[in-house]
Student: 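Pasting a structure below so you can have a look.
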Amino acid sequence: MIEIRNLTHKYISVNDHTTTAVDNMDISIKSGEFVVILGHNGSGKSTLSKHLNALLLPSEGQVLINSLNTSDESKLWDIRQQVGMVFQNPDNQIIATIVEEDVAFGPENLGIEPIKIRQRVDEALKMVDMYEFRDKAPHLLSGGQKQRIAIAGIIAMRPKCLVLDEPTAMLDPSGRKEVMETIVKLNKEEGLTIVHITHYMEEAVLADRVIVMEAGKVVLEGKPKDVFLEIETLKDLRLDVPPITELAVLLNKELPNISRDILTIDEMVNALCP
Ligand code: ADP
Ligand code: MG
């Protein structure tokens, strides 16, 4: 679904200072895959994500979305319809004063017939479990609920891929949990391809694949179990290791029958009390 080839992105500022935010990256993402991107602040995650629906264009290399090149201006509409973006602050993404009007905004702009808009809005609100809030004012909702409305607004445009740039960063733990459950459901039940950027290791654990970035490059990549075993590398990159994995690695030194690659509390309980 996504093919990133030798992608470099350079920002050039007024005084001709150049920042290479993405440095010769190669990434392929399959349709239906759930990929999490991790990395410290400034490692280039947001810059990379903006290439996925042509908000930014490559300084070098190319980005293909289902074989459509983001540099081909005539394909912009197609690409933006296939890849929906969700950002950190839900308040910046909600425009209408009623939830269902907000969700309808995208499909209205796509020129969809009113009766179909109605269907899409209802369906999208049900998918994010916010249907009963359809006639409420968004400002009365919690952060997690608002972020789910923002996601519904994107889903109503029927994208194939959802790119989420730290969508849980401004939420409290229960809001984060709601949003993650929604994202997992869209991936597992609707088959949406997910590219999720986060700082939270417990979110990364849910992915099929984790990509760790530093200074615009991929430094680690693999299944969560394998990536989180690289405790020293992750610490050098100023990233946290899931505490349960760190505990498993420590226990494994004394109790070799406890596996090192434990990611969740349930797995730890099973290992300790077989
Ligand atoms: P992340 O999302 O991982 O925090 P970013 O992609 O936002 O990283 O930033 C990567 C690098 O590019 C940083 O050094 C940042 O300062 C720089 N950068 C980001 N946006 C701009 C911009 N609009 N102009 C100039 N430099 C930028
Ligand atoms: Mg960012």
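Both ligands and their constituent atoms are indexed starting at 1 by order of listing.
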Student: Which residue and non-hydrogen atom of the protein lie closest to atom 23 (N) of ligand 1, and at what distance in Å?
Tutor: Y11 CE2, 3.7 Å
Student: Can you tell me how far CD of E178 sits from CD1 of I151, rounded to the nearest 0.5 angstrom?
Tutor: 10.5 Å
Student: Under 2.8 Å from the Mg ion (ligand 2) - does any N, O or S atom of S49 fall there?
Tutor: no
Student: Check this for me: does any side-chain nitrogen of one of K225 and E267 sit under 4.0 Å from a carboxylate oxygen of the other?
Tutor: yes
Student: Counting only non-hydrogen atoms of the protein, does one fall under 4.0 Å from atom 3 (O) of ligand 1?
Tutor: yes
Student: Which of the atoms of ligand 1 are close to S46, meaning less than 4.0 Å from one of its heavy atoms?
Tutor: 1 (P), 2 (O), 6 (O), 7 (O)
Student: Looking at ligand 1, does S13 have a heavy atom less than 4.0 Å from it?
Tutor: no
Student: Please work out whether any backbone atom (N, CA, C, O) or any side-chain heavy atom from C-beta onward of T47 is under 4.0 Å from ligand 1, and answer side chain, backbone, both or neither.
Tutor: both
Student: Among all the protein's non-hydrogen atoms, which is closest to atom 8 (O) of ligand 1, and how far away is it?
Tutor: G44 N, 3.1 Å
Student: Below 4.0 angstrom, counting only protein heavy atoms, does anything approach atom 10 (C) of ligand 1?
Tutor: yes
Student: Output the distance between atom CD (Q147) and atom CG (L171), rounded to the nearest 0.5 Å.
Tutor: 6.0 Å
Student: For N41, counting its heavy atoms only, list the atoms of ligand 1 lying under 4.0 Å from any of them.
Tutor: 4 (O)
Student: How far apart are the closest heavy atoms of V195 and C161, and which atoms are they?
Tutor: CG2-SG, 4.4 Å
Student: Which atoms from ligand 1 have a heavy atom of H40 less than 4.0 Å away?
Tutor: 3 (O)
Student: What protein heavy atom lies closest to atom 15 (C) of ligand 1? Include the residue and the distance to one decimal.
Tutor: T19 CG2, 4.8 Å
Student: If I take atom CG from residue D135 and atom CD from residue E101, how far apart are they, to the nearest 0.5 angstrom?
Tutor: 10.5 Å
Student: Counting each atom of ligand 1 from 1 as listed, which ones have a heavy atom of A21 under 4.0 Å away?
Tutor: 10 (C), 11 (C), 12 (O)
Student: For atom 13 (C) of ligand 1, which protein heavy atom lies nearest, and how many Å away is it?
Tutor: G42 O, 3.8 Å
Student: Distance check, rounded to the nearest 0.5 Å: E3 atom CD versus K30 atom NZ?
Tutor: 11.0 Å
Student: So does E33 get a backbone contact from the side chain of D208, meaning a donor-acceptor N/O pair under 3.5 Å?
Tutor: no
Student: Is the NZ or CZ atom of R176 positioned over Y200's six-membered ring, under 6.0 angstrom from the centre and within 45° of the axis?
Tutor: yes
Student: Using side-chain contact (heavy atoms from CB on, under 4.5 Å) as the criterion, point out the one residue from H51, M1, R80 that pairs with I65.
Tutor: M1
